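Accompanying notes for the structure given below.
Fair warning: this is a prediction, and the values are worked out from it, not measured in the lab. For the single chain, residues carry numbers from 1 onward in sequence order.
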Amino acid sequence: MTTASPVSADTASVPISTDPGGGVMGDRFRALTLGIVSVVLVIAFEATAVNTAMPVAAGELDGFGLYAFAFSGYFTTTLFALVVSGQWCDRSGPLRPLFTGIAVFGAGLLVAGAAPGMWIFVGGRALQGLGGGLVIVALYVVVGRAYPERLRPSVFAAFSAAWVLPSIVGPLVAGAVTQHIGWRWVFLAVPALILLPLAVMGPALRRSEKEQPLLGGAAFDRRRTGLAAMAAVGAGLLQYAGQRLDLPGLLPAAVGAALLLPAVLGLLPAGTLRAGRGLPTVILLRGVAAGAFFAAEAFIPLMMRTERGLSPTLAGLTLTSGGLSWALGSWIQGRPGAERYRTVMIRGGFVLTAVAIAGAALVLVPAVPAWVAAVAWGVGGIGMGLAVASISVLMMKLSTPEDAGANSASLQVSDALGNVLLMGLAGVLFGALGGGSVAAVHDGAAGAGSTGAFAVIFGVMAGVALLGALASGRVRKAA
């Protein structure tokens, strides 16, 4: 879901295209629209498919101790790529970062699919994150440069809709491929799917570049790029230290913290970490919501496989309800008259997310039916749709035109940081509490200590969501 988030501040100055008439599927824009939406569709499919295939991949690679880092590694490199891509687009247009990002994303898929061990697999996922971060910012810049203002809402709506179909068919396809062909093909087959969108939109993108030349190549902000690099390296060192959990791990932990803290302070608005009233709390809550929800979501298919013995397909389908209900929550918050209840919807969204995380954990009790997790995740999707969309709306409301781009970037950075830190925390808890000893998932049996590890992770993430609900009252500025 993160690819539908607001884009980097560095894309705020893209030129506005002239309006030639017609719609997004008219003769002028049809190829470009089909191409860029197809790219989003491929990325969305991979994001949903990974949740289904990951438990089997971790089992075959003997890598349950690194399970969470296969997710957090993706978001760690995405954090850096978001900042770089925005500045690269401003400097030379979106074409180069877009095609570079697609190539890197594809390379990451190949590395992950061919990985002989879990560390190589995590490296492949990190490459995917680097490419995905480059791509999504560039796509938003393409929309700003190529489409007239009246058509942009339709394109962004298509981006969001592109996540719905993968939420439904992604687990089915990935589960079937994992069971009958092998989990590696969930990764190895996707690069071929990228070729068609590239062929379709390539000529249209080049034409758009010629019609919308840059007004002036902006220089890279070396300070901001350096801060993003510090944050990514610091987060990576902390994750490595958390995976070791021994005395030698204290050194990378200390270095990681020394890099991460000043980077976060430099990338986010003043007062964000202390939940300052107004915009700082809005920015903070984006990371809290994303981190708590996705950290819990990453462990649901593994829990359903090891604790309840479900097939990869059924385990992955548990998450389908969340993708569908997220769209419902977003639709509800956008209804006429909803603006006056913006703070209430943010608080209610966090409460629903906490209830959903706790509800999913109920399936750890053998007497509770496995379908309860799917119902709970449907509730969580509504909560996230309400909260995340409302946070974005409120961010724009609290921003001046001059600050809208910078604040959008901060929102995106907070999203990535929340995923990195809370996913990393979940990985540390999972390893420390014996989760790494779960039996190979194709045996469908839990290992010693895994039930307690799952329970602690879900309990912590539900608590984080409740903290978000408590802090939501601070989104209003002091009178």
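Not one N or O on the side chain of Ser414 forms a donor-acceptor pair closer than 3.5 Å with the backbone of Arg286. Looking at Arg305, its side chain does come within 3.5 Å of a backbone N or O of Leu310 through a donor-acceptor pair. A distance-only check finds a donor-acceptor pair linking the side chain of Thr281 to the backbone of Ala275 [under 3.5 Å]. The closest donor-acceptor contact from the side chain of Arg308 to the backbone of Val363 lies under 3.5 Å. No side-chain donor-acceptor contact under 3.5 Å links Ser390 to the backbone of Ala387. No donor-acceptor pair closer than 3.5 Å links the side chain of Ser85 to the backbone N or O of Leu82. The closest donor-acceptor contact from the side chain of Ser325 to the backbone of Leu328 lies at 3.5 Å or more, if one exists at all. Using modelled atom types, one side-chain atom of Ser472 and one backbone atom of Ala469 make a donor-acceptor pair closer than 3.5 Å. At distances below 3.5 Å, not a single donor-acceptor pair connects side-chain atoms of Arg125 with backbone N or O atoms of Leu109.
More than 12 heavy-atom neighbours from other residues, nucleotides or ligands sit within 6.0 angstrom of CG on Leu172. For Trp119, the CH2 atom is densely surrounded, since the number of other residues' heavy atoms within 6.0 Å is greater than 12.
Taking the centre of each ring, Phe454 and Phe430 come in below the 6.0 Å mark. Here the two rings, on Phe293 and Trp326, have centers that are under 6.0 Å apart.
At a threshold of 4.5 Å between non-hydrogen side-chain atoms, the residues Met395 and Ile283 count as touching. Within the 4.5 Å cutoff, the side chain of Leu127 has no heavy atoms near those of the Thr77 side chain. The shortest side-chain heavy-atom distance between Leu260 and Leu421 falls under the 4.5 Å cut-off.
Note that CZ of Phe458 and CD1 of Ile357 are 8.0 Å apart. Values are rounded to the nearest 0.5 Å. Note that CG of Asn419 and CG of Leu79 are 10.5 Å apart. Values are rounded to the nearest 0.5 Å. Taking CZ from Arg342 and CG from Leu386, the interatomic distance works out to 9.5 Å, rounded to the nearest 0.5 Å.
In this structure, Met423 and Phe294 approach most closely via the heavy-atom pair CE-O, 3.6 Å.
Ring geometry for Phe121 versus Trp183: interplanar angle over 60°, hence perpendicular rather than tilted (30 to 60°).
Pro301 pairs in a side chain to side chain contact (heavy atoms under 4.5 Å, CB included) with only one of the listed residues (Pro312, Pro55, Pro171), which is Pro55. Just one of Val264, Thr76, Leu422 meets the side chain to side chain contact (heavy atoms under 4.5 Å, CB included) condition when paired with Leu417; it is Val264.
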